[in-house]
Amino acid sequence: MRIAVVGSGYVGLVAGACFADLGHEVLLVDNDEAKLAALQNGEVPIHERFLPELLARHRGQKIQFSGDLQDAARASQAVFIAVGTPPTETGDADLSYVESVAREISGAVEQYKVVVEKSTVPVYTSQWVRTIIMRNGADPALFDVASNPEFLREGTAVTDFLYPDRIVIGVESDRCADVLREIYVPLTSGSYYRNPTAIPRPDRAQVPPRLIVTSTRSAELIKHASNAFLAMKISFINAVASICEAVNANVQQVCDGIGADSRIGTRFLNPGIGYGGSCFPKDLQAFRSVAKECGYEFRLLDEVIRINEEQRHRFLRKVRGVLWTLRGKRLGVLGLAFKGGTDDIRESPALLLVQDLLREGCHICAYDPAAMGRAKEVLQPGVEFASDPYEAANGADAVLILTEWEEFSALDLDRLRKLLRYPIILDGRNLYDPAVMAARGFSYHSVGRPSALTEDLPAGVRPEKKERL
Ligand code: UDX
């Protein structure tokens, strides 16, 4: 099928590349000419596993890049809208890009087509998109609007797309549902997975995925509610971690215990310095606004957001509790991205912590495997950047682990200890076992687990006891 994908950001680029791998003819549309030229020249603007391979495989063949939205929409049976929906000052999603795309599409509705919202949008958006397209002259019999939310995580977006837990399509007519079913048939029939060139299957994936057909409004709510629920899981376990610290329990053991209940599960129960990224913070605010507009005060979400912010402040207090004064202290920081496997620093708790520490007068030498280019734009001057974790740790008063990169969980600990001024590690992502770290000669402090102390601190100032709930 010929498909136009409007917006070559995270979602659009991944969706376009994956649709091409499913065998569709994709027209990827963007109004940023520099971006289009870069994509045409073979550049890959985001750090995302398997995306370079897919773009190289299909560029110029099953994927064409275009700056002409109307032409692309006219030539396509389905038009996916994947433009940004940034937050406004009040926390609502700014839907003006979606509206202007809808307006332009209206001029291209000559034969039946389906217009699909792929961006995360509030409930009722599809209805508005339909109204705008009609208001601008399109024949209502010649198009339908659907909602097909994405559940991609950065870093694993390609495999999340091709091996999804479920595919949700929100539609108002059978005709529209049939078009979307056809688009995803290589996944739902399992034929894609038998293809020898298919992107390899991740361990956990169940194939073929389930297709869930709902109304457009339900689909819009599924996306917001999914993200809110996942963020709630993270804040919940972070709150439990704070109690663990107060009573000297181990949050890891608590997680194993509660996660073994199949109704709860262990995923998204990793405590840390809080969630960040381009989705959870923005989507929670937007969902709260949507709820308010519908007359419901979603106070649970206020608390999820509050716990998340508090988690970062707690970690800062922990650093202070271990190092005492902060002015002039030299810290090696490992990780700046909002999570491992990505170069994205949007709403990164790691980056926010570095900014807090700079305000406290610390000297920071930071390393991140992928996010330093972006972080330099925000943190320089003021922060030194290292070319590996050991250079960041060299001569430091302590090392702080702030992002859950896999390579940070396999450091050469002897080398690290020798480079540090004091063998102190504050791990905001619980990447190591405290007992192992103690045996390797470190004072090791993590989140929600007893600290391993190799030195005697004055009585009563063990950091986890100093923390107030
Ligand atoms: C999220 C959703 O997972 C995805 O379905 C949606 O489409 C977009 O938003 P993403 O933002 O890429 O994806 O990252 P995710 O892996 O969900 O992590 C979000 C944040 O939560 C990161 O800062 C991560 O470090 C943090 N996190 C995640 C935890 O602190 N603990 C966990 O157990 C899981």
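When a ligand or atom number is given, it counts from 1 through the structure's own listing order. Since we're looking at a predicted model, the values are computed, not measured.
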| query | Is it true that a side-chain atom of E48 and a backbone atom of G155 form a donor plus acceptor pair closer than 3.5 Å? | reply | yes

| task | Examine distances only and state if a side-chain atom of E172 and a backbone atom of T216 form a donor-acceptor pair shorter than 3.5 Å. | result | yes

| task | Run the salt-bridge test on E25 and K62 with the 4.0 Å N-O cut-off and return the result as yes or no. | result | yes

| said: Quick check: do R217 and Y124 have side-chain heavy atoms less than 4.5 Å from each other? | reply: yes

| query | Is there side-chain contact between E182 and M1, with at least one heavy-atom pair below 4.5 Å? | reply | yes

| message | With side-chain contact (heavy atoms from CB on, under 4.5 Å) as the criterion, how do M232 and L300 come out once you've worked through the C-alpha distance, each side chain's angles and the decisive distance to 0.1 Å? | response | CA-CA 9 Å; M232 181 183 76; L300 178 62; 3.6 Å; yes

| task | Might you list the protein residues in contact with ligand 1, defined as having a heavy atom under 4.0 Å from one of its atoms, sorted by chain and number? | result | E150, F151, L152, R153, E154, K223, N227, I234, F268, L269, N270, Y275, G276, C279, F280, F338, K339, E404, R429

